[in-house]
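Beneath this line is the structure, given in structure tokens, with notes to follow.
Because the structure is a prediction, the values reported are computed rather than measured. Computed from heavy atoms alone, side chains included, the values below leave out hydrogens, waters and symmetry copies. Residue numbers count from 1 along this sequence.
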Amino acid sequence: MKWAAILFTFVLTTFALAEELPLAKPCNEDLCKLPNCRCSSSNIPGDLEPRDAPQFVLLTFDDGVNIRNIETYREILTGRVNKNNCPASSTFFVNHEYTDYQRVNELYNSGHEIALHSITHQTPQTYWAEAKFEDMMKEFGDQKTQMAHFANIPINAIQGIRIPFLQMAGNATFQVMAATGLRYDSSWPTTSFVDPGLWPYTTDYASTQDCIIPPCPTASIPGTWVLPMISWTDLNGFPCSMADACVFVPPRDDEEAWFKFIVTNFERHYLGNRAPFGFYVHEWFISAYPGVKKALVKFLDMVNNLNDAFMVSASEVIDWVQDPVPVNEYVKKSCKRFIPTVCRPSSCGPLSAPHNEMSYWMQICNTCPRVYPWLGNPLGR
């Protein structure tokens with residue numbers, strides 16, 4: 001009887017969230033207060049002066065984790081420490097297909113953040129633009145359970161989402177986040193709020209952010225966070241949301257030119273309102289161009305040696321925004337803590353995949369599934 005009541009409550013909640021929601025109202029700063037609400041704004045949280053705000057640097061990677069790209073991640077990330085003596089960390093937005101969950105566990109145990117990039121990462125892009133609540137629940141709500149299960153990481157450590165192709169899905173993503181305890185979305189580019197940059201904010205009230213890839217959220221969905229993807233500017237003045245999407249760039253074998261290109265974009269933040277600086281990229285771009293890789297390593301070395309800049313995960317940025325303190329206090333705070341998990345490795349396969357009649361192998365930290373996990377059956381039972 002108890003489980004029937006719980007299921008009935010979940011169904012009612014899901015139905016309510018799936019209903020069309022009224023438009024969010026303009027933000028009321030008297031009512032929207034930290035730690036749980038923030039208006040969309042370029043103002044520094046806590047009303048700090050730029051010189052007193054820590055400069056956060058976000059290095060994020062999209063797509064699957066596998067035995068090949070883990071070598072790049074080990075090479076450029078292992079042993080990095082910020083000037084406050086806390087380990088530097090990155091965020092990995094991971095999709096399911098062909099992902100090696102043992103390597104995901106390795107990244108988590110190395111102090112990095114594991115976030116979601118959907119189960120299918122499927123094309124065409126219109127699939128995501130037209131996705132409804134039920135679609136996004138299968139892609140992201142179920143992926144949260146899937147990721148925790150196969151990589152053996154705590155489910156509450158999984159907090160973020162990035163939609164494939166940065167294709168916004170209106171209110172659906174944020175409804176799923178509210179229903180499943182996910183915390184933030186980092187899929188929404190801005191080209192209008194780059195100087196000064198837009199700081200993270202919640203969707204309690206209407207956003208003022210420009211909608212580059214519609215549909216963007218319009219409803220009031222309290223407590224879910226937007227981590228804006230502040231665009232870079234390429235050499236011809238055109239915006240680009242990800243480093244590997246910039247068109248007019250230095251020669252990719254020119255380490256010094258690329259280092260200057262990165263630093264020029266970084267300084268717009270560092271010498272401005274210190275909104276988080278994102279280096280958003282796919283691993284293939286780093287491994288394919290050694291000059292770019294060397295420039296990135298040189299840039300990260302520089303950041304790790306600055307007294308007021310910190311290479312952190314996306315969730316750590318949200319942590320600070322919720323409780324903004326001056327940089328002289330931030331450097332005295334205890335480093336983030338997490339409990340490492342054990343990966344009991346299993347090599348599974350061939351596993352049949354009913355959705356495409358292919359066979360897959362999986363490297364996981366759990367018992368092998370019966371069939372290849374997919375939409376509607378995220379654990380492959």
Side-chain angles (χ1 to χ4, degrees), residues 59-80 87-123 139 143-155 157-158 160 162 164 242-244 252 279-294 296-297 300 311 313 338 340-353 355-356 358-374 378-380:
L59 175 63
T60 75
F61 294 95
D62 288 12
D63 297 343
V65 174
N66 55 56
I67 197 66
R68 293 182 179 177
N69 58 30
I70 193 69
E71 296 297 332
T72 301
Y73 302 144
R74 290 168 180 160
E75 182 181 350
I76 67 177
L77 298 175
T78 300
R80 291 200 169 276
S89 58
S90 300
T91 297
F92 292 82
F93 293 95
V94 184
N95 60 277
H96 163 64
E97 193 171 24
Y98 300 116
T99 278
D100 183 331
Y101 289 95
Q102 294 173 18
R103 304 287 75 78
V104 173
N105 179 274
E106 175 186 333
L107 290 169
Y108 171 78
N109 282 328
S110 297
H112 302 294
E113 179 183 18
I114 305 302
L116 306 179
H117 199 41
S118 82
I119 288 179
T120 70
H121 203 297
Q122 65 179 282
T123 56
E139 291 282 6
Q143 195 196 11
K144 182 180 181 183
T145 302
Q146 180 186 71
M147 185 68 69
H149 178 76
F150 288 121
N152 194 33
I153 60 179
I155 196 165
I158 302 169
R162 178 168 289 159
M242 302 193 74
D244 47 40
R252 294 180 178 89
F279 194 115
Y280 308 126
V281 72
H282 298 81
E283 183 275 340
W284 68 262
F285 186 74
I286 302 301
S287 60
Y289 302 110
V292 176
K293 179 196 285 187
K294 291 177 181 177
L296 171 59
V297 168
L300 297 179
M311 180 182 165
S313 67
F338 71 99
T341 65
V342 175
C343 180
R344 295 180 175 85
S346 295
S347 181
C348 310
L351 299 171
S352 62
H355 71 282
N356 63 6
M358 291 176 56
S359 294
Y360 291 82
W361 287 84
M362 290 182 70
Q363 306 299 319
I364 64 173
C365 300
N366 212 309
T367 55
C368 292
R370 183 179 62 85
V371 296
Y372 188 67
W374 204 248
L379 301 183

Taking the ring of Y372 and the ring of H96, is the distance between their centroids below 6.0 Å?
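Ring centroids of H96 and Y372 are less than 6.0 Å from each other.
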
Given the rule in the side-chain contact (heavy atoms from CB on, under 4.5 Å) test, do N366 and N152 qualify, once you have shown the distances and angles that lead to the verdict?
CA-CA 7 Å; N366 212 309; N152 194 33; 5.7 Å; no

Name of the residue among S346, C348, P378 meeting side-chain contact (heavy atoms from CB on, under 4.5 Å) with P369
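When S346, C348, P378 are each tested with P369, the side-chain contact (heavy atoms from CB on, under 4.5 Å) holds only for C348.
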
Do the non-hydrogen side-chain atoms of [X] and [Y] ever get within less than 4.5 Å of each other?
X	Y	result
Y108	P154	yes
F338	N109	yes
R344	C365	no
I70	D100	no
S90	L77	yes

Supply the atom-to-atom distance [X] [atom1] to [Y] [atom2], rounded to the nearest 0.5 angstrom.
X	Y	atom1	atom2	answer
D62	F93	CG	CZ	7.0 Å
K144	I114	NZ	CD1	14.5 Å
I67	R103	CD1	CZ	4.5 Å
L59	I286	CG	CD1	7.5 Å
N69	R74	CG	CZ	10.0 Å
I76	L300	CD1	CG	6.5 Å

Could you check whether any side-chain N or O of [X] sits under 3.5 Å from a backbone N or O of [Y], counting only pairs where one atom can act as donor and the other as acceptor?
X	Y	answer
S313	S89	no
E139	T120	yes
N95	G64	yes
Q102	I364	yes

Are E283 and R68 within salt-bridge range, i.e. N to O under 4.0 Å?
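Here E283 does not pair with R68 in a salt bridge, since their nearest N and O are not under 4.0 Å apart.
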
How close do S287 and K293 get, counting heavy atoms only, and between which atoms?
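For S287 versus K293, the nearest heavy atoms are CA-CE, 4.4 Å.
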
Using distance alone, with no hydrogens and no angle criterion, decide if [X] and [Y] have a side-chain donor and acceptor under 3.5 Å apart.
X	Y	result
N105	T341	yes
Q143	S118	no
T60	R162	yes

Suppose we screen for side chain to side chain contact (heavy atoms under 4.5 Å, CB included). Which residues come up paired with D244, at least two apart in sequence or across chains?
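Here the qualifying residues are M242, V281, H282, W284, F285.
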
Given side-chain contact (heavy atoms from CB on, under 4.5 Å), test D63 with H117 step by step and report yes or no.
CA-CA 7 Å; D63 297 343; H117 199 41; 3.2 Å; yes

Mind checking ring-ring contact (aromatic ring centres under 6.0 Å, His included) for F61 and listing every partner two or more places apart, or none if nothing turns up?
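By the ring-ring contact (aromatic ring centres under 6.0 Å, His included) rule, F61 matches Y73, F92.
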
Evaluate side-chain contact (heavy atoms from CB on, under 4.5 Å) for E97 paired with Q122, printing each intermediate quantity in order.
CA-CA 10 Å; E97 193 171 24; Q122 65 179 282; over 6 Å; no

